[in-house]
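Notes follow once the structure below has been shown.
Here the structure is a predicted model, which is why all the values come from computation and not from measurement. Just so it is clear, the values below take in all heavy atoms, side chains as well, and ignore hydrogens, waters and symmetry mates.
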Amino acid sequence: MATLVLEDGTTFRGRLFGANVSVSGEVVFQTGMVGYPEALTDPSYHCQLLTLTYPLVGNYGVPKDEEGKFGLSRVRSRLDYKNPSHWSSVKSLDQWLKEQGVPGIQGIDTRCLTKKIREKGTMLGKLVVDGTPEESIPFDDPDKRNLVQEVSLKVQTGSLRITVVDCGIKYNQIRCLAERGAKVTVVPWDHPLDSADYDGLFISNGPGDPQLCQATINNVRKVVCVDHPKPIFGICLGHQLLSLVIGAKTYKMKYGNRGHNQPCIHKGTDRCFITSQNHGFAVDPKTLPRDWDVLFTNANDHTSEGIVHNTQPLFSVQFHPEHMAGPTDLVSLFDVFIDTVKEQKGGNTTKSALITSLFPPHQPRKVLILGSGGLSIGQAGEFDYSGSQAIKALKEENIQTVLINPNIATVQTSKGLADKVYFLPITAEYVTQVIKNERPDGVLLTFGGQTALNCGVELTKQGILEKYKVKVLGTPVASIEMTEDRKIFVEKMEEINEHVAPSEAALSVEQAVAAAERLGYPVLVRSAFALGGLGSGFANNKEELTSLVTSAFAHTSQVLVDKSLKGWKEIEYEVVRDAYDNCVTVCNMENIDPLGIHTGESIVVAPSQTLNDREYYMLRNTAIKVIRHLGIVGECNIQYALNPESEQYYIIEVNARLSRSSALASKATGYPLAYIAAKLGLGIPLPQLKNSVTNSTTANFEPSLDYCVVKVPRWDLSKFLRVSTKIGSSMKSVGEVMAIGRSFEEAFQKALRMVDENCVAYLILPLSAVQELQTPTDKRIFVLAAAFRAGYTVDQLYELTKIDRWFLHKMKNIADHEKLMENSMPPEVLRKAKQLGFSDKQIALAVQSTELVVRKLRHDWSILPVVKQIDTVAAEWPAHTNYLYLTYHGTENDLSFEEPHVMVIGSGVYRIGSSVEFDWCAVGCITELRKRGFKTIMVNYNPETVSTDYDMCDRLYFDEISFEMVMDIYERENPEGVILSMGGQLPNNIAMSLHRQQCRILGTSPEFIDSAENRFKFSRMLDTIGISQPQWKELSDTESAVKFCETVGYPALVRPSYVLSGAAMNVAYSDRDLEKYLSNAVAVSKEHPVVISKFIQEAKEIDVDAVACDGSVIAIAVSEHVENAGVHSGDATLVTPPQDLNQKTIERIKIIVHAIGQELQVTGPFNLQLIAKDDQLKVIECNVRVSRSFPFVSKTLGVDLVALATQAIMGEEVETVGLMRGKGIVGVKVPQFSFSRLAGADVVLGVEMTSTGEVACFGENRYEAYLKAMLSTGFKIPKKNILLSIGSYKVPSELLPTVQALESLGYDLYASLGTADFYTEHGVTAVDWPFEEDDDSDCPTKEKQRSIMNYLEENHFDLVINLSMRNSGGRRLSSFVTKGYRTRRMAIDYSVPLIIDIKCTKLFVQVNFVAVDSTGENAHRQHDIPDAGPSAW
């Protein structure tokens, strides 16, 4: 152990590594995230104690060429000094420092130390090793010594004569000169100078106070102060010395500029460049002589960063433009210097070399923003966040905004954000109508994902934008097409000598096969113009390739065949560029999974952990070069494949739009990419924009992180029948989480729990097989954990998975510590466990105790988390940021807890059943609270949401929604209360635990929440108050359950408690079904009861959303389902106001709602589901929280239920609204499914939810609204042929009028044999369909299958109507592949519109009939579209 002692008496205790010696010097800090070997060999740090603010250092070891006797005295950070992982590493940081005699200290709160230096200025310090008397190590002030004299060398090399005055030179400066053809002579700092000896003079960097170098100043003065001096270039100390030579003054800065991301603005062009710096003194620009001018100015603290003579070839810069440990944006200054030497021309060489013209373009007055439509796999809530940010940015510039987005659940479609919102399909036809109506003069295409991008490209091709004079803001369409069309992209990259992974574009199956043979198997097949790797996969042979390519052509006209680079590292950079070529990289990210797994399926860490400095900046420079060449304006993302054994890399792709990674990068760094991109699209220069976290520094900077971020995807594959659980190049995840910690392990374990709150243990799966490690599935990380448990080594697992050894070592640390805890747990083991990210629950499992006991133990031993800020600058600048996280790596909180706040718990990870609609509710709640003068705290961890934008609330805790974490925040903040009802199921699940700890829960009491969530208590309550419900029984044992079902008759519904989206809910049709479903339900609902009830078939389902105050109902909104009861409300088509309910039914609904509201004493939102059959109403469920349909009914009926609920919860007086009847328009909400992403999944609807999103549109009647909504989900109106595949006899007879109507509309109908016979008998001409013949037919199955495949593939059918025999809530248990399943699956795989519900089929045909009646002809068959109509507000 060792102690760092500062001159003001402050001490920091930590672990010693490196050399075992005590030292002293000046304490400084550096904010770079890579480049530690370069920093440690920099002579400018001589006699200094360097604090590295980034907490994960040492991960790539030390490469063989890092030498240098001079440099700092010692180092501090949190280090991986023992297990580096990099092909170029020859020794660990620990070994290297021992050899160099440099001590290091780790495990101290470096953020706290950095803030102290920032506030008090640099101060003296000493690192005292335990056992050394403190007084024996005096404080050593480097300002009193001539450090230049100590570090100066003498070297000679190379050809143009350049004399270098060495004041502590970095080797790379010599390299930069030599590479440009210079013969470099290096002379010591005090060497006499004679201009006859050189063609150009270079003055290097160095440590300490420049005024102590009088010998150098005098020598340089003799060659500068003459009539025609030869060219001179100074860097860092060289800049300060040149300034002193000409009579300017220097001064000591408070704490200096040290780091790799200092923005410097060039005077004359206002262009901003990112630079690497390390200096404690600066030049006072006010003291410059008349003939001299400022060359660069620091955009943050406005200090001088460079000077230039107005006429003579003399200039110097304060920063380091050369390579190594930092950006090389201005390495061209060496070219300017060498060119000046070559030409020996005086004049304005330096000034003119960088000057470019700046003319701000004309700003638009009204801008159209295209949204992304319904949430689907690959295109989720991140576009709600980016679109909301764009609207905010435009409004600040007083620009009118018009938004088109049919996704009613989003925040961006709320009143008060955009000036006008159109709930319409994002198709070229509808957008053209809006452009005609609104006449915008600008459009943003890059904020709505691939949907908006493709629509914008289509509008450009059709000439619509040109015709109506609509300018594309930001990245031009030509640049977008360059990145989307593979062939053009490859050509553009070759122009700048960059390489794309060997790849060929193909327009047919034959071309693809030929391409694969040229490239060599295995190959990766991808669709062009697709999002989330749709239609992609690896092929090892011709058969696999043909199958993949055939289905890919169903979604696209072009496929890409790439040479497989499986096993390479995948790296991403987020890049920002303005119209004046200012360019920065905001965040770099590394996929833990190697190439071959889509980045949306990968665990991602930011910043990258296993790249060394050279690789980091090599890829950064390439990113900037590529983005400039493509002409992108705004934000984009570039992905690389990097060889893990060398510096070879390929560019995989560039996304010229905001993406899922952009939302992650924004939240990981605190840099609002979408907001900045919107401003840049208006032509505002990047340096003029402010960093919104510090509010003082420029946005033209690259963030410094002093923490680590881990993103983990969430899959919901268990909800789908027959789906493949393998993960690969096509995306299947429905959401993602982001965790923040000051060690990788801390962030990683947090993230795993965020993905699934039931996953308390990291090691939960038995080791199934090596196969699972080689072929990754959604459970891969747990298989890895089990492998460590089974004794696998890091090297064995690396060979199987190709996950970098550094990450595997970290995972092993977790596994090893869990074993250690099982033996004994003294305080230091518990503290270490918390630093490794273990939760109290996990620790309790390991030591066979309970979570509350471990919590009490932590408190007794004072093992508590601290609150740290995310400030984008690693504490270098004061930041009034409200963006917070909790960590066990620290000793002090970054802020105080004085003012009372109201705490709102968000919805957590997006999953099937809990998506953007709950984020809308949470945002609505904090907005209403702030409007009413309350200070707000938001707790959430989803990077895709608007609620995790730090502008939305007063304090944002980006952390877990678990009892432990919420209680930790609650104990610190002591808020007025906690609102749980706005975040969906997740906050409700911890209500009772919080309540038992005397947590102030606002709104409905947790006891009453439990009465509604607990199925047994709720059913018993309904019986007590005399409200009808289906017959029910609590599960005690399987035998009594079977008896109950025999009594009431099958089908029966199995319902666990406290679940979302119908998880493990199922309809049983037999004893065998019942037994299987009961075991599933018990597994999901371990601590809560399971109830069995009679499943009522062919009933109508009704949804009621309501708000109450102390049990008295204030507002009621009623929606009806189109489908029969048995389809989960999240998958159902909803209509509001209801069109088929009579007044008597409505009155009875009101009575039931009032009775339940009163009985549960509801304060705030609640939701009821009822079924109506044979003039009877029965209640099936109640949720005392907001529901999925809250945004839909609020926006359609014109009353904000969330605002009302918030007022009621806060005890404010609320006017009673009663039954909400709307404003004369009808809204229809339609689910958005993502079956095309889920290979093999059966397309069936039931009581467990499977949709990933929703859209809603308005109309004068339900038919118009339904058609617009269907078109918004990507549905296409059929033109000619329809395939009917209908199950049992009952259905064809019910559908007879509908089928007759289809025939009268002029469609050609095809049907299976039995169905065709039935309809022919009733006068409908339906062509027999050979594929669906009887099983005893001569035709082999293969033939039949090929037959339907060919027809679907050739787009023979425009619509498939497939009604399975048992679709009312049930899910088949058998693995038997039916013909119906094959038909449904093929329709999805070949992008043929599919309807699978009888009621939806009827409504769809009625829509067509209404259109015929109103126009006298079939408007849709003519491929016209209905007018935009009442679609906006």
Side-chain angles (χ1 to χ4, degrees), residues 450 454 457 461 481-568 570 594-598 639-641 643 648-655 724 726 728-731 775 1236-1237 1239 1342-1343 1345-1356 1386 1388-1392:
Q450 201 70 35
N454 291 352
V457 170
K461 283 180 179 165
E481 288 187 297
M482 279 175 209
T483 62
E484 295 283 328
D485 187 307
R486 197 65 181 170
K487 190 166 177 296
I488 301 172
F489 181 64
V490 171
E491 287 165 4
K492 293 301 286 182
M493 292 303 95
E494 282 170 355
E495 286 171 17
I496 53 171
N497 203 25
E498 288 297 340
H499 302 290
V500 174
S503 166
E504 292 189 29
L507 300 169
S508 68
V509 178
E510 295 71 31
Q511 283 184 16
V513 171
E517 277 164 9
R518 281 192 293 274
L519 292 167
Y521 289 100
V523 292
L524 169 64
V525 175
R526 296 187 293 145
S527 307
F529 293 92
L531 186 95
L534 180 64
S536 72
F538 287 92
N540 296 305
N541 51 48
K542 187 177 174 180
E543 289 68 37
E544 288 178 17
L545 178 75
T546 308
S547 155
L548 265 173
V549 169
T550 308
S551 62
F553 276 127
H555 305 286
T556 184
S557 57
Q558 184 193 60
V559 300
L560 316 167
V561 184
D562 298 348
K563 175 77 183 140
S564 170
L565 299 172
K566 248 184 175 173
W568 286 35
E570 189 168 352
L595 203 71
I597 296 174
H598 188 279
Q639 291 169 23
Y640 297 100
N643 190 328
Q648 182 188 12
Y649 67 89
Y650 289 116
I651 295 166
I652 302 171
E653 65 179 357
V654 171
N655 284 313
S724 161
K726 287 179 182 168
S729 60
S730 187
M731 195 168 152
T775 312
S1236 61
R1237 300 248 170 219
K1342 270 277 167 69
E1343 288 294 312
Q1345 195 155 350
R1346 191 174 313 119
S1347 160
I1348 189 171
M1349 269 178 77
N1350 293 347
Y1351 272 88
L1352 285 166
E1353 196 183 319
E1354 291 155 15
N1355 293 324
H1356 184 76
M1386 285 179 193
I1388 290 293
D1389 289 340
Y1390 292 106
S1391 295
V1392 178

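- Ile651 places a side-chain heavy atom less than 4.5 Å from the side chain of Met493.
- Distance CD/Glu491 to CG/Asp485: 8.5 Å, rounded to 0.5 Å.
- Across all their heavy atoms, Thr550 and Thr546 have their closest contact at OG1-O, 2.5 Å.
- Summarising the geometry of Asn655 relative to Glu653, their closest heavy-atom pair is ND2-OE2, 4.0 Å, with the distance given to 0.1 Å.
- Under the side-chain contact (heavy atoms from CB on, under 4.5 Å) criterion, Ser564 pairs with Pro522, Phe538, Lys566, sequence neighbours left out.
- In this structure, Trp568 and Tyr650 have parallel ring planes: the angle between them is below the 30° cut-off, well short of the 60° mark.
- The side-chain contact (heavy atoms from CB on, under 4.5 Å) check on Ala505 picks up Gln558, Leu560, with sequence neighbours excluded.
- Considering all non-hydrogen atoms of both residues, Ala506 and Gln511 come closest at CA-OE1, 3.5 Å.
- The two residues Leu519 and Lys563 come nearest to each other via the heavy atoms O-CD, 3.5 Å.
- The minimum heavy-atom distance linking Val509 with Phe553 is given by the pair N-CE1, 3.7 Å.
- The side chain to side chain donor-acceptor pair (under 3.5 Å) check on Asp562 picks up Ser503, Arg526, with sequence neighbours excluded.
- Rounding to the nearest 0.5 Å gives a distance of 10.5 Å between CZ of Phe489 and CD of Glu484.
- With a 4.5 Å cut-off on side-chain heavy atoms, Leu565 and Ile652 do not count as touching.
- Closest approach of Leu524 to Gly537, counting heavy atoms only: CD1-O, 3.4 Å.
- Proximity of Ile488 to Glu481: side-chain heavy atoms (C-beta onward) are nowhere separated by under 4.5 Å.
- Contact of the Glu498 side chain with the Val500 side chain is not registered, since no non-hydrogen atoms from C-beta on lie closer than 4.5 Å.
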